[in-house]
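Written out below as structure tokens is the structure these notes cover.
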Amino acid sequence: MNPSQASLERRALSLGTAFAIDFGLQFLLPIVLTRALDPHSFGEYRLLWLAVSTLMLITPMCMPASLYYFMPRSDENGKRLYLNQAILFLVVAGLLSGWVLSEWNPLLPHSMDELVQGRAVVPLFAMVWIFASLLDILPTVEERVGWQAKVIVSLSALRAVALSGVALATRELIPVLWTLLAFAVFKALLLLWYVARHHGIRGPWLKRDPFKEQVKQAAPFALSGALHGIRTQGDQWVAAALFTIPQFASFSVATVLAPVVQIFRQSVNHVFLPSMSRHQSEGDFASMLALNSRANSMVALLVFPLLAFAFVFAEPLITLIYTPHYLDAVPVLRLYSIGLIAFVVELVSILFVLKQGAFAARVNAMALAIALPSSYFGAMHWGLMGAAAGSVIAIYAERLFSLGRISRLTGTSIAKLQDWGTLAGILAAASLSALAAGTAMSWVALPALGKLAAGAALMAVAYPAALYLTGQRRSLTSFIASIRHAEPEPAAVK
């Protein structure tokens with residue numbers, strides 16, 4: 001492994017640690033909310049986040065992510081221009097999102113009528129949250145990974161503590177929503193401070209040709225991302241439409257695995273993507289593909305054991321976090337864990353730097369056409385678990401089509417696009433260690449917390465040994481070496 005690649009891995013691990021802490025804090029938050037709020041109120045809270053997450057996929061139109069393409073290739077004046085254009089776009093996107101989640105929207109789903117009726121806090125939160133989302137990307141685009149990591153952890157801790165305190169003090173949903181809005185405003189102000197410090201609040205603000213170029217680069221991936229997101233969230237909308245709010249709450253908590261995978265994918269991809277973009281601009285496809293393959297192997301090393309653990313210990317996991325009232329989520333959680341195995345093989349970053357947005361959009365449209373009918377059919381025949389079937393089927397279909405396209409564009413066989421042997425070995429090691437831990441714990445009677453703690457401890461011991469047995473010693477030693485070394489941040493651009 002060359003020094004440049006090792007440097008990227010250390011940054012990825014730094015950002016990954018921050019995302020993991022963020023997820024851990026937000027993972028703990030429902031423990032409080034499910035005990036402070038009744039199931040109906042908690043279901044409305046989850047429905048709000050589903051709606052805002054869906055809008056995040058549509059209204060920003062991938063303009064923040066377009067900065068990964070333009071800023072590493074631009075001079076200081078160009079960087080400021082593309083950043084300002086993204087900011088202005090997000091202002092408009094926020095206003096549109098606020099209207100969508102208001103009682104003035106005649107097309108608002110009936111399941112959300114009660115949530116938005118007479119509640120100005122809902123559209124206000126959507127508006128500010130969309131704008132502030134740029135802070136989740138901008139510092140990493142500029143390779144200020146350490147600063148980004150600190151902000152992620154600090155904001156996550158503030159959000160978790162504030163929401164938990166208000167929920168416990170009031171036992172009502174409305175004060176929790178107003179606290180969310182206050183947090184979003186604080187995040188937006190922090191974004192403006194960052195821009196003022198590193199770029200200044202000044203022009204150029206908007207130029208026709210660069211703006212058209214930026215939109216042209218972002219739009220296909222915005223469409224693709226929207227289709228992909230609607231497909232992944234479509235089963236939740238099906239559940240919200242066909243089942244009661246408390247049943248939807250049970251279904252929604254089963255999706256807790258997807259953010260786990262996204263945490264590691266996001267941290268690794270955000271760090272590797274600027275280098276992948278540079279390699280592509282130089283015509284060095286081999287190095288670009290090697291970075292993507294390495295990134296996916298890193299994600300697999302961390303995510304596969306988490307998926308295996310969640311599959312085996314689904315029942316105590318749901319019982320501990322969400323209380324026994326939400327045990328309907330157990331079979332859904334297990335089905336999702338199978339689907340997310342394929343989710344580890346991330347290909348969007350390659351399609352992005354190859355400017356394959358139109359293809360990605362077509363693939364996601366195809367996957368959406370598979371997912372929604374499958375979820376609806378499954379929900380009607382097999383209940384909550386059946387509603388999740390569409391997403392799982394679509395994940396595997398999308399990966400197969402994308403691999404074929406990348407293979408043709410780069411002249412590389414599918415067998416060489418990823419280190420499939422390493423991925424299979426890591427998956428086998430994770431499965432063996434989870435199976436061993438689950439089998440051992442089946443012989444003892446412990447409360448949910450005790451079973452999870454003991455199972456995790458057993459798996460932590462078994463997993464490294466299983467990696468050696470499956471021939472993945474190099475993956476483990478490389479990962480340990482990346483953790484042990486540190487790297488200074490690049491100088492800030494004034």
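This structure is a prediction, so every number in the text was calculated from the model and none was measured.
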### Message
Going by the rule side chain to side chain donor-acceptor pair (under 3.5 Å), which residues pair with Gln85 if we only count those two or more places apart in sequence or in a different chain?
### Response
Gln214
### Task
Assess the side chains of Trp49 and Ser252: does a donor N or O sit below 3.5 Å from an acceptor N or O?
no
### Query
Between the main-chain N or O of Ser407 and the side-chain N or O of Thr412, is there a donor-acceptor pair closer than 3.5 Å?
no
### Summary
Those residues at least two apart in sequence (or on a different chain) that pass side chain to side chain donor-acceptor pair (under 3.5 Å) with Tyr322 are none
#### Entry: Minimum heavy-atom distance between Phe42 and Ala249, given as atom pair plus value
CD2-CB, 4.1 Å
### Summary
Residue set satisfying side chain to side chain donor-acceptor pair (under 3.5 Å) with Arg119, at least two apart, ordered chain then number -> none
### Task
Taking all non-hydrogen atoms of both residues into account, name the closest pair between Leu289 and Thr410 and its distance.
CD1-OG1, 3.8 Å
### Query
Which atom pair, heavy atoms only, marks the closest approach of Leu190 to Val151?
CD2-CG1, 4.0 Å
### Query
What heavy-atom pair brings Thr34 and Ile321 nearest, and what distance separates the two atoms?
OG1-O, 3.5 Å
### Query
Is there a donor in the side chain of Ser375 and an acceptor in the side chain of Asp235, or the other way round, less than 3.5 Å apart?
no
### Query
Does any non-hydrogen side-chain atom of Leu29 lie less than 4.5 Å from one of Leu33?
yes
### Task
Begin with the C-alpha distance, continue with both residues' side-chain angles, and end with the deciding distance and a verdict on side-chain hydrogen bond (donor to acceptor under 3.5 Å, both in side chains) for Ser297 and Thr422.
CA-CA 7 Å; Ser297 294; Thr422 295; 5.2 Å; no
### Query
Can you find a pair of side-chain heavy atoms, one from Phe343 and one from Arg399, that are under 4.5 Å apart?
yes
#### Entry: Shortest non-hydrogen separation from Gly98 to Pro123 and the atoms involved
O-CB, 3.0 Å
### Task
To the nearest 0.5 angstrom, please state how far the CG atom of Leu108 sits from the OG atom of Ser102.
7.5 Å
### Query
Do Leu47 and Trp237 have side chains that get closer than 4.5 Å, going by heavy atoms?
yes
### Task
Please determine, by modelled atom types, if Gln148 and Asp136 share a side-chain donor-acceptor pair under 3.5 angstrom.
no
### Message
Please give me the minimum heavy-atom distance between Ala188 and Phe131, naming the atom from each residue.
### Response
CB-CD2, 3.9 Å
### Task
May I ask you to decide if Glu346's main-chain N or O and Asn292's side chain share a donor-acceptor pair within less than 3.5 Å?
yes
